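In this text, all values refer to a predicted model and were calculated from it rather than measured experimentally.
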Amino acid sequence: METNHIADLAKYELPELKRKGFFRRWHYMPTQMAVSKKEYYFIEYEYKDLKESLENHKFNDLKKLHCKVLNPIELVVVSTIDEKFAAAQIRRYQTSVFKPETEIMVFKDADAVAFLGFLKELKPDDKGYF
């Protein structure tokens with residue numbers, strides 16, 4: 001998959017996100033809420049299931065995935081503290097760097113709350129790398 005045209009969420013490349021304030025923190029502009037970024041890592045063969053879960057808003061399916069430390073599939077999530085906004089992008093480790101594999105998926109309001117709620121239940125397993 002060619003990914004040169006895809007914005008990179010790890011670099012906050014989303015029109016709704018802007019730096020502001022004295023410390024130049026990233027904010028979700030429609031609500032002026034600060035955002036934070038978190039990464040989750042998954043096993044290579046779960047890429048398809050992860051992508052389908054996000055695209056179809058079947059967040060309950062995230063429970064079935066194996067969240068592991070330092071694996072080749074990275075899910076980057078940027079969200080507001082009030083959980084009314086979340087953006088996610090799947091990236092794959094290629095040639096010593098993670099590169100975007102999907103477009104940035106944006107979730108708002110109830111979808112964002114549901115998505116972030118299921119992510120809270122993921123407990124990264126520190127056993128087994130790649």
Side-chain angles (χ1 to χ4, degrees):
M1 167 185 277
E2 179 62 43
T3 59
N4 291 340
H5 68 286
I6 298 174
D8 189 348
L9 187 59
K11 297 175 184 170
Y12 296 90
E13 293 177 1
L14 198 61
E16 296 99 329
L17 302 178
K18 302 281 184 217
R19 287 185 179 269
K20 67 179 230 175
F22 182 73
F23 294 105
R24 307 292 296 153
R25 289 200 56 197
W26 289 96
H27 286 74
Y28 175 59
M29 296 312 291
T31 62
Q32 303 296 312
M33 294 291 296
V35 297
S36 60
K37 180 175 71 169
K38 191 164 185 182
E39 294 91 12
Y40 300 85
Y41 298 91
F42 297 91
I43 300 167
E44 176 72 34
Y45 66 82
E46 292 184 328
Y47 168 76
K48 182 180 174 194
D49 295 333
L50 176 61
K51 183 178 178 191
E52 287 177 5
S53 173
L54 295 177
E55 289 177 343
N56 298 318
H57 295 220
K58 293 183 179 181
F59 306 126
N60 193 41
D61 291 350
L62 293 172
K63 292 182 192 178
K64 300 173 188 172
L65 303 179
H66 299 91
C67 188
K68 303 264 187 199
V69 176
L70 298 176
N71 266 277
I73 301 299
E74 176 186 55
L75 174 65
V76 177
V77 178
V78 172
S79 62
T80 56
I81 297 167
D82 65 359
E83 298 184 348
K84 300 289 183 178
F85 168 82
Q89 184 176 43
I90 302 171
R91 296 159 35 104
R92 185 186 307 268
Y93 190 77
Q94 299 173 359
T95 321
S96 63
V97 67
F98 280 97
K99 294 183 180 179
E101 279 288 311
T102 65
E103 299 286 340
I104 296 172
M105 295 168 255
V106 176
F107 308 105
K108 296 179 182 175
D109 302 319
D111 279 340
V113 171
F115 172 58
L116 295 170
F118 284 110
L119 284 182
K120 286 180 186 174
E121 295 181 26
L122 291 177
K123 303 288 188 245
D125 179 3
D126 61 357
K127 298 177 182 109
Y129 302 103
F130 291 90

Given Phe118, Phe115, Phe85, the one that forms ring pair (Phe, Tyr, Trp, His ring centres under 6.0 Å) with Phe107: Phe115
Please report the closest heavy-atom contact between Leu9 and Ala87, naming both atoms and the distance. CD2-O, 3.3 Å
NZ of Lys18 to CZ of Arg24, rounded to nearest 0.5 Å, is 11.0 Å
Between atom CG of Asn71 and atom OH of Tyr45, what is the distance when rounded to the nearest 0.5 Å? 9.5 Å
Audit row: Leu65, Leu122, side chain to side chain contact (heavy atoms under 4.5 Å, CB included) steps and yes/no: CA-CA 9 Å; Leu65 303 179; Leu122 291 177; 5.5 Å; no
For Asp111 versus His57, what's the shortest heavy-atom pair and its separation? OD2-ND1, 3.0 Å
Can you measure from NZ (Lys48) to CD1 (Ile90) and round to the nearest 0.5 angstrom? 13.0 Å
Given the options Glu74, Glu103, Glu101, Arg91 meets salt bridge (Lys or Arg N to Asp or Glu O under 4.0 Å) only with Glu74
Determine whether Leu54 and Thr102 make a side-chain contact, defined as any pair of heavy atoms from C-beta on separated by less than 4.5 Å. no
Please give me the minimum heavy-atom distance between Val35 and Arg25, naming the atom from each residue. O-NH2, 3.4 Å
Supply the atom-to-atom distance Lys38 NZ to Leu75 CG, rounded to the nearest 0.5 angstrom. 11.0 Å
Looking at every non-hydrogen atom in both residues, tell me the closest pair between Ser53 and Asp61 and how far apart they are. OG-CB, 4.0 Å
What distance do Gln94 atom CD and Lys99 atom NZ have between them, rounded to the nearest 0.5 Å? 5.5 Å
Using the side chain to side chain contact (heavy atoms under 4.5 Å, CB included) rule, take Val78 and Ile104 through it: C-alpha gap first, then chi angles, then the decisive distance, then the call. CA-CA 10 Å; Val78 172; Ile104 296 172; over 6 Å; no
Heavy-atom side-chain contact between Leu14 and Trp26 under 4.5 Å: no
Is Ile81 isolated, or which residues cluster with it under the ILVMFWY side-chain rule of less than 4.5 Å, directly or via members? Met33
Kindly check if the number of other-residue, nucleotide or ligand heavy atoms within 6.0 Å of NZ (Lys37) is above 12? yes
Using a strict 4.0 Å threshold on nitrogen-to-oxygen distance, state whether Lys68 and Glu46 make a salt bridge. no
Beyond-backbone contact of Asp8 with Val76, side-chain heavy atoms, under 4.5 angstrom: no
In short, Glu83 meets Ala112 closest at the heavy-atom pair O-CB, 3.4 Å
Side chain to side chain, Lys58 and Glu52, heavy atoms closer than 4.5 Å: no
Can you name the closest pair of heavy atoms from Lys63 and Glu121 and give their distance? CE-OE1, 3.1 Å
Please name all residues satisfying ring pair (Phe, Tyr, Trp, His ring centres under 6.0 Å) with Tyr41, sequence neighbours left out, ordered by chain then number. Phe98
Side-chain heavy atoms under 4.5 angstrom apart, residues restricted to Ile, Leu, Val, Met, Phe, Trp, Tyr: same cluster for Ile43 and Leu50? no
Same cluster (ILVMFWY, side-chain, under 4.5 Å), Leu119 and Phe42: yes
